[in-house]
Amino acid sequence: SNGDASPAVSMAELDHQAQIISKSHLETCQYLREELQQMSWENFVQDEVENYQRKPREVMWQLCAVKITEAIQYVVEFAKRIDGFMDLCQNDQIVLLKAGSLEVVFVRMCRMFDSQNNAVYFDGKFAGPDVFRALGCDDLIASVFDFAKSMCSLHLSEDELALFSAFVLLSADRSWLQEKLQVEKLQQKTQLALQHVLQKNQREDELLNKLRCKVSALRSLCSRHTEKLSAFRAVYPDIVGTRFPPLYKELFGA
Amino acid sequence: KEKHKILHQLLQNSSSPVDL
């Protein structure tokens, strides 16, 4: 135990927490490893890339909003299955999901990312950054791809990825939390479980620090997403209002 | 609550990934 919020937990408890979170992750990760392997890593051909590039900006934004929303629904389900999450007050469940669900989508993206070809699984095939040109935010897309590439380079196992996702989601420093201490306890326990798993998997000591650095990268990506959405909404208010998924609008204040 | 209607629903549903 180190610090007020840090609970005294046994190894058995950490094992249990790690197992529950890994199980929740596998049950809710949208695509299983086996399914991803069967996708044969097929890339979009040039004609298909150009087809995406010719789409009107608002159509491509809508398509991406739908894909993000689908992925987020699985993250909500993941959160619900984390031991202790549903014991938090509903305000805090919502605060954590509003702030963290897209971050977890970015973390999970490394499972569907082909580092060699710099391509992500999107709309049925693997897409490079050029597929998203019509969105009009090349800088953000490049940063998202760089993030996925750097996550892949850590070669996290599924259980490590699961615990890191839970750690991100349970961030106790989000604004508007009502029972901050409860969230802190849960995040501390998750961090201890992550450390425990890293030690068990004989990972290098600095991996936890590398993962902590990813937290600030994730925040930056998400705030830039919000900025890009605001800029888009300023030009196409009706498109956002009528064609974007309601959950996306709830989460990102559109 | 009205502002986060869908999130409330998702949190209260006993959905499985198969249903999503």
Side-chain angles (χ1 to χ4, degrees), chain A residues 23-32 35 65-82 84-102 104-105 108 111 162 165 169 174 176-178 244-254, chain B:
Chain A
K23 184 170 174 280
S24 307
H25 167 77
L26 289 174
E27 284 171 347
T28 62
C29 62
Q30 201 169 7
Y31 300 100
L32 296 170
E35 286 174 310
V66 168
K67 299 292 178 194
I68 286 173
T69 307
E70 281 171 8
I72 283 175
Q73 282 181 273
Y74 285 86
V75 175
V76 174
E77 207 53 41
F78 170 61
K80 284 163 67 178
R81 292 166 194 225
I82 295 174
F85 183 85
M86 294 307 280
D87 299 330
L88 299 172
C89 67
Q90 205 161 47
N91 172 80
D92 291 358
Q93 293 169 13
I94 286 173
V95 165
L96 294 176
L97 285 167
K98 274 195 85 161
S101 57
L102 182 59
V104 175
V105 169
R108 287 177 159 200
R111 300 177 74 253
S165 301
L169 201 57
R174 307 290 192 192
W176 316 113
L177 286 173
Q178 281 173 355
F244 274 35
L247 177 59
Y248 182 93
K249 288 188 280 185
E250 261 187 32
L251 288 165
F252 306 116
Chain B
K1 269 200 175 177
E2 203 46 39
K3 203 176 158 196
H4 301 113
K5 208 170 71 181
I6 296 162
L7 265 182
H8 272 284
Q9 275 170 11
L10 288 174
L11 285 165
Q12 274 155 13
N13 284 351
S14 55
S15 55
S16 72
V18 183
D19 304 326
L20 289 171

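Atom set for the values below is all heavy atoms of this structure, side chains included, hydrogens, waters and symmetry mates excluded.
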Below 4.5 Å from any heavy atom of chain B, which atoms of A:Phe85 appear? Answer side chain, backbone, both or neither. side chain
Quick one: pull up CG in B:Asn13 and NZ in A:Lys80 and give me the separation to the nearest 0.5 Å. 5.5 Å
Candidate pair A:Leu97 and B:Leu11, rule side chain to side chain contact (heavy atoms under 4.5 Å, CB included), full reasoning: CA-CA 10 Å; A:Leu97 285 167; B:Leu11 285 165; 3.8 Å; yes
Would you please test A:Lys98 and B:His4 for side chain to side chain contact (heavy atoms under 4.5 Å, CB included) and show each step? CA-CA 10 Å; A:Lys98 274 195 85 161; B:His4 301 113; 3.1 Å; yes
Could you tell me the separation between the CD atom of A:Glu250 and the CG atom of B:Leu7, rounded to the nearest 0.5 Å? 5.0 Å
Atom pair CD (A:Gln90) and NE2 (B:His8), whose distance is rounded to the nearest 0.5 Å: 4.5 Å
Heavy-atom cut-off 4.5 Å, strictly under: side chain, backbone, both or neither for A:Leu247 against chain B? both
Residue A:Lys23 excluded, over 12 heavy atoms near NZ under 6.0 Å: no
